[in-house]
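None of these values were measured; they are calculated from a predicted model.
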Amino acid sequence: SSMVLRLLAFSEGVQGGQEPWLEADFTFVARDPATRRSAPVNPLELRTEAERALFQRIAANVERDRIARSRVTVFFVGTPLLKKPEAVDAEAV
């Protein structure tokens, strides 16, 4: 129901060639427009070893982040100024 898109941006180097400028992962979640529930996403066709290695690396990062999120305790502090109180990471307080 989700996919991670990797964005790589390069700038032209002073000496020619390309220099890495930005590398970022974006997670997109597919939703059914009628029910707003998660919807399936077609799997990727990994054709090369480099694609398979990149896929495995990103999958490991996604799993690591999922485990880390499950360990975070969130609580609310103070009187909310807005309609929704702001969540605070318990480890940061």
#### Entry: Flag, side chain of Arg52 to backbone of Leu46, donor-acceptor distance under 3.5 Å
yes
## Note on the structure
Heavy-atom nearest pair, Asp32 first then Ala39, reads N-CB, 3.8 Å
### Query
Are the side chain of Glu51 and the backbone N or O of Arg47 linked by a donor-acceptor pair below 3.5 Å?
yes
### Query
From Trp21 CH2 over to Glu23 CD, what is the distance, rounded to the nearest 0.5 angstrom?
13.0 Å
### Query
Going by heavy atoms in the side chains, are Ser11 and Gln18 under 4.5 Å from each other?
no
### Task
Compare all side-chain heavy atoms of Val4 with those of Phe26 and state whether any distance is below 4.5 angstrom.
no
### Message
For Asp25, is there an ion pair with Arg6 - N to carboxylate O distance below 4.0 angstrom?
### Response
yes
### Message
Applying side-chain contact (heavy atoms from CB on, under 4.5 Å) to Leu22 and Leu8, what does each step give before you reach the verdict?
### Response
CA-CA 6 Å; Leu22 174 75; Leu8 301 171; over 6 Å; no
### Query
Do Leu7 and Met3 belong together in a cluster built from hydrophobic side chains that touch within less than 4.5 Å?
yes
### Message
A quick test of your reading: do over 12 heavy atoms of other residues, nucleotides or ligands sit less than 6.0 Å from CZ of Phe55?
### Response
no
#### Entry: Arg37, CZ atom: more than 12 neighbouring heavy atoms under 6.0 Å
no
### Task
Report yes or no: do Val41 and Val62 belong to one cluster of Ile/Leu/Val/Met/Phe/Trp/Tyr joined by side chain heavy-atom distances under 4.5 Å?
no
